[in-house]
Protein chains: 2
Amino acid sequence: MVSVRDDLSDAEHNAILAAAGASRRFAAGKDIVTQGDRPGFSTLVVKGMTARYSTVEDGGRQITGLHIAGDFVDLHSFPLQLMDHSVTAITPCEVVTFPHQQLMHITENYPHLTRVLWLLTLLDGAIHRQWMVTKGRLTADEQMAHLFCEQFVRAQMAGLANAQSYPFPLTQAQFGDALGLSIVHTNRTLQRLRRTGALEWEDGVVEIFDWPQLRELGQFDPTYLHLEKLRR
Amino acid sequence: MVSVRDDLSDAEHNAILAAAGASRRFAAGKDIVTQGDRPGFSTLVVKGMTARYSTVEDGGRQITGLHIAGDFVDLHSFPLQLMDHSVTAITPCEVVTFPHQQLMHITENYPHLTRVLWLLTLLDGAIHRQWMVTKGRLTADEQMAHLFCEQFVRAQMAGLANAQSYPFPLTQAQFGDALGLSIVHTNRTLQRLRRTGALEWEDGVVEIFDWPQLRELGQFDPTYLHLEKLRR
DNA sequence: CGCACAATTGACACCAATCAACCCGCGTGG
DNA sequence: CCACGCGGGTTGATTGGTGTCAATTGTGCG
């Protein structure tokens with residue numbers, strides 16, 4: 001979402017580059033971090049799409065976040081240490097790890113950069129709250145429209161979107177896990193959305209035909225994505 | 001939840017005390033911060049219960065978090081500035097404000113204390129994720145049992161609980177807004193829970209009769225509350 | 001006394017989960 | 001080459017959970 005380079009001085013930029021550790025690749029479907037881990041480093045997505053998820057007793061899975069290039073998927077594990085959920089690769093992924101020791105050095109020496117990292121985790125929290133609202137108080141159609149809107153804006157911010165389309169390489173089952181819906185109902189809801197003519201979703205690409213209508217359907221207001229600049 | 005004094009050195013403790021600003025009181029039902037505000041300070045609850053919430057077009061309300069004594073309700077507004085949701089007083093509340101200028105001073109001079117503040121916001125995020133999971137993948141009964149469990153543990157951590165009971169001063173309508181259920185269904189779900197004999201909820205107090213059963217019902221695993229200590 | 005609010009109950013409609021098929025494209029092995 | 005399995009998508013039928021509408025009770029308070 002927000003590139004970590006935003007608003008950074010040269011010194012800060014160099015510090016974050018120096019903190020980067022190993023590059024790693026993950027095949028689609030592989031876990032990048034697993035619930036219960038104490039990873040010792042945090043992971044920045046460089047290429048591909050990842051999902052945070054938790055499972056429940058009956059085997060159900062809930063995806064609690066989707067992350068694309070430029071997102072830290074587990075920056076919270078730096079202060080919290082223990083992973084309370086898993087992160088999996090939706091597509092083949094390329095990531096860079098940031099050892100917590102290096103992040104510690106940053107927090108000891110670069111207060112503004114520390115606030116930027118803090119802010120990145122707060123954006124996740126803001127998105128979490130919005131998902132709670134859509135899950136709790138919107139219909140399946142509205143919720144789905146909202147998620148399509150959100151992902152469009154986030155893809156734009158990451159520079160991954162075209163004027164009217166963006167990559168969205170989920171299966172409908174995964175999409176349903178993010179929405180908290182069954183596969184069947186996800187499929188039917190998607191078909192209703194398609195019939196509105198607001199969008200199409202094919203071959204991992206969402207194409208928006210009628211943005212005002214989609215935004216209206218999903219009651220989408222991007223304020224919670226905090227597109228404005230960070231306080232220095 | 002976690003008292004901000006945990007793990008703090010004397011110097012850090014003094015710094016946080018020095019950062020405290022005005023004390024304020026709010027009557028039940030009054031907003032402490034409102035969506036769209038740029039408060040310029042963050043608010044720590046000293047007494048009473050507060051709720052974060054957002055509203056949707058049809059007038060529906062979703063409560064995205066409940067906060068008790070010891071919780072910062074809008075610490076995220078320090079890095080993010082703009083409030084993307086509102087916070088209201090469930091009961092009469094006493095709070096202390098921390099001017100962002102003072103928090104800025106802390107982040108410039110107390111790296112470990114900064115990480116503690118960061119951690120507090122990350123705990124909110126972890127709870128958000130858990131709420132998403134219960135909303136998306138558990139039944140109303142399970143979700144309600146889970147919330148009762150969570151609130152019990154959090155009340156214990158704040159020193160507000162007795163051995164088997166804790167204050168829970170919501171109306172059923174507010175409780176339903178937190179669960180994402182209608183008032184009627186909230187009431188019926190509560191009655192089913194009561195009939196299990198696991199708990200009672202009367203006059204703003206929850207009394208737990210059968211903790212193992214309640215925990216089992218709600219599939220409650222407190223890992224996500226990160227009860228362990230912060231990395232120094 | 002009258003009123004507002006919280007809790008509760010019944011009847012009903014509807015949204016979404018489940019179960020069960022089926023189609024399709026693709027890769028693989030006989 | 002073809003049969004087969006498999007994952008992803010789609011559809012129909014049915015069930016069940018949840019929302020909505022409406023009404024009632026009880027309580028506290030002006």
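To find a chain, count down the sequence lines: A is the first, B the second, and so on, and within it residues start at 1.
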R52(A) side chain vs H85(A) backbone, donor-acceptor pair below 3.5 Å
no
Length of the CG-P vector between L181(A) and dC15(C), whole Å:
14 Å
Near DNA chain D, which residues from residues 53-63 of chain A have a heavy atom under 4.0 Å away?
none
What I want to find out is whether D124(A) reaches R129(B) closely enough, with some N-O distance under 4.0 Å, to be called a salt bridge.
no
Test applied, ring pair (Phe, Tyr, Trp, His ring centres under 6.0 Å); reference residue, F72(B); option that passes from F98(B), F41(B), W118(B)
F98(B)
d(CZ, F175(B); C1', dT8(C)) in whole Å
16 Å
Roughly how far apart are I127(A) CD1 and L66(A) CG, rounded to 0.5 Å?
9.5 Å
D210(A): which residues meet the side-chain hydrogen bond (donor to acceptor under 3.5 Å, both in side chains) condition with it, sequence neighbours left out?
none
Atom-to-atom span, NE2 of H185(A) to C1' of dT18(D) - whole angstrom:
12 Å
Output the residues of residues 129-138 of chain B in contact with DNA chain D, where contact means a heavy atom of the residue under 4.0 Å from an atom of the strand; sort by number or write none.
none
Show each protein N/O and nucleotides 5-10 of chain D N/O combination with a separation under 3.5 Å, one pair to a line.
from, atom 1, to, atom 2, distance (Å)
dG9(D), OP2, Q172(A), N, 2.7
dT10(D), OP1, R194(A), NH1, 3.4
dT10(D), OP2, Q172(A), NE2, 2.5
dT10(D), OP2, N187(A), ND2, 2.6
dT10(D), O5', N187(A), ND2, 3.2

List the atom of D141(A), the atom of R192(A), and the distance in Å for their closest heavy-atom pair.
OD2-NE, 2.7 Å
If I take atom CD1 in residue I90(B) and atom P in nucleotide dA6(C), what distance separates them, rounded to the nearest angstrom?
11 Å
How many Å lie between CD on E142(B) and P on dG17(D), as a whole number?
11 Å
Return the value, rounded to whole Å, for the distance between atom CZ of R188(B) and atom P of dT18(D).
12 Å
In terms of side-chain geometry, is the basic nitrogen of R137(B) or D58(A) positioned less than 4.0 Å from the acidic oxygen of its partner?
no
Looking only at heavy atoms, the pair that brings L82(A) and G36(A) closest together is CD1-O, 3.3 Å
Nearest atoms (heavy-atom pairs only) where G48(A) meets T91(A)
CA-OG1, 3.2 Å
Sequence neighbours excluded - ring-ring contact (aromatic ring centres under 6.0 Å, His included) pairs with any residue from residues 169-204 of chain A:
F148(A)-F175(A), F148(A)-W201(A), F168(A)-F175(A), F168(A)-W201(A), F175(A)-W201(A)
Shortest non-hydrogen pair, L80(A) vs L123(B), comes out as CD2-CD2, 4.0 Å
Let me have a per-nucleotide readout for nucleotides 24-30 of chain D, 5' to 3', with B, S or -, counting only protein heavy atoms under 4.0 Å.
-------
For V45(B) and I68(B) the tightest heavy-atom approach is CB-O, 3.6 Å
What one should report as the nearest heavy-atom pair of H100(B) and S42(B) is NE2-OG, 3.1 Å
